[in-house]
Amino acid sequence: MALRLGDIAPDFSADSTAGPISFHQWLGDGWGILFSHPADYTPVCTTELGAVARLGSEFAKRNVKVAAISVDPIDSHRGWVSDINETQHVTVNYPIIADPVKKVAALYDMIHPNADDKATVRSVFIIGPDKKIKLTLTYPASTGRNFLELLRVIDSLQLTAKFRVATPADWKDGEDCIITPAVKDAEATTLFPKGFRVVKPYLRYTPQPNR
Ligand code: BEZ
């Protein structure tokens with residue numbers, strides 16, 4: 001069965017361009033992103049892995065470790081990294097996991113046979129410090145992902161894990177947040193000393209609490 005939000009991200013051991021990885025141990029106490037791509041030496045995937053490398057400091061700032069994965073073997077990953085670095089003007093400094101026997105792909109349901117029965121689709125899993133899955137996302141092979149959106153989701157997840165707020169459509173770090181419905185107005189006054197604005201009783205905005 002497909003993994004759902006709140007499930008524990010399956011643990012596994014596998015080889016990667018950074019050496020053998022024991023997934024939960026590698027994640028440690030921080031956040032993680034595991035993302036699959038269909039195949040090495042393909043154009044969209046090359047731009048995607050380059051984009052992730054370019055955002056390396058942004059992920060690190062948020063205490064997020066990132067790992068890529070496909071069913072290609074480790075030698076293929078190692079050779080392709082040179083191409084990514086050359087063409088995308090980056091240094092790939094995160095692991096690319098080799099899954100030639102599709103062990104991890106099966107655990108994470110990354111192969112969607114009616115799309116492609118041999119390669120992983122473009123899956124993303126954001127994993128919290130509790131090892132639980134906080135976001136899943138699936139894109140087709142033809143469409144490269146927007147990795148800035150993943151940073152935006154991480155910002156929201158980290159904020160809403162600490163404060164009793166949610167983030168509205170298209171929210172970006174620094175913008176007003178929504179007070180969760182379970183918080184009564186009287187409690188909101190103490191929880192959100194910067195104040196709050198009531199549009200409807202169920203729609204209340206407050207400045208971002210940690211800004
Ligand atoms: C690509 O990365 O460009 C790609 C990979 C597999 C199928 C289609 C496109």
Side-chain angles (χ1 to χ4, degrees), residues 1-5 7 9-10 12-21 23 26-27 31-60 62 64-127 133-155 157:
M1 196 171 76
L3 292 170
R4 293 175 172 174
L5 302 190
D7 291 353
F12 60 84
S13 297
D15 203 5
S16 85
T17 51
I21 278 187
F23 190 53
W26 175 80
L27 283 171
W31 292 74
I33 295 181
L34 179 66
F35 72 104
S36 59
H37 63 275
D40 296 355
Y41 296 102
T42 53
V44 176
C45 300
T46 301
T47 63
E48 284 197 321
L49 272 76
V52 171
R54 210 168 294 120
L55 292 173
S57 62
E58 294 298 324
F59 289 115
R62 292 163 175 82
V64 180
K65 286 186 173 176
V66 181
I69 182 166
S70 80
V71 299
D72 297 284
I74 192 71
D75 288 348
S76 165
H77 285 345
R78 289 207 177 103
W80 183 41
V81 163
S82 308
D83 281 8
I84 300 170
N85 290 346
E86 178 198 327
T87 63
Q88 306 304 303
H89 314 291
V90 295
T91 301
V92 172
N93 54 6
Y94 56 88
I96 308 176
I97 294 166
D99 189 30
V101 298
K102 304 181 173 73
K103 178 179 76 175
V104 182
L107 282 174
Y108 282 81
D109 195 29
M110 289 167 166
I111 293 181
H112 297 198
N114 292 325
D116 184 333
D117 62 356
K118 290 187 186 65
T120 44
V121 289
R122 298 189 197 278
S123 298
V124 181
F125 297 88
I126 295 183
I127 299 154
I133 292 172
K134 308 296 182 186
L135 167 139
T136 65
L137 180 152
T138 310
Y139 270 40
S142 53
T143 307
R145 287 157 287 194
N146 182 335
F147 292 93
L148 290 174
E149 167 63 1
L150 297 188
L151 286 176
R152 193 189 74 87
V153 174
I154 290 274
D155 286 341
L157 286 168

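One-based numbering, in listed order, for ligands and for the atoms of each.
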Classify the angle between the aromatic ring planes of His77 and Trp80 as parallel (below 30°), tilted (30 to 60°) or perpendicular (above 60°). tilted
I need the nearest protein heavy-atom contact for atom 8 (C) of ligand 1: residue, atom name and distance, please. Ala141 CB, 3.8 Å
Ligand-side contact atoms (ligand 1) for residue partner Val44, heavy atom cut-off under 4.0 Å: 1 (C), 2 (O), 3 (O)
Taking distance alone, with N or O pairs closer than 3.5 Å, would you say Ser142 contacts ligand 1? no
Checking heavy atoms under 4.0 Å, the part of Cys45 that sits near ligand 1 is both
With the side chain counted from C-beta on, respond yes when Val44 and Ser142 share a heavy-atom pair under 4.5 Å apart, and no when they do not. no
Does the ring centre of Phe125 sit less than 6.0 Å away from the ring centre of Tyr108? yes
Using a 6.0 Å distance limit plus a 45 degree cone around the ring axis, check whether Lys65 lies over the aromatic ring of Trp31. no
Nearest protein heavy-atom contact for atom 4 (C) of ligand 1: which residue, which atom, what distance? Arg122 NH2, 3.6 Å
Is the ring centre of Tyr94 less than 6.0 Å from the ring centre of Phe59? no
Nearest protein heavy-atom contact for atom 6 (C) of ligand 1: which residue, which atom, what distance? Pro38 CB, 3.7 Å
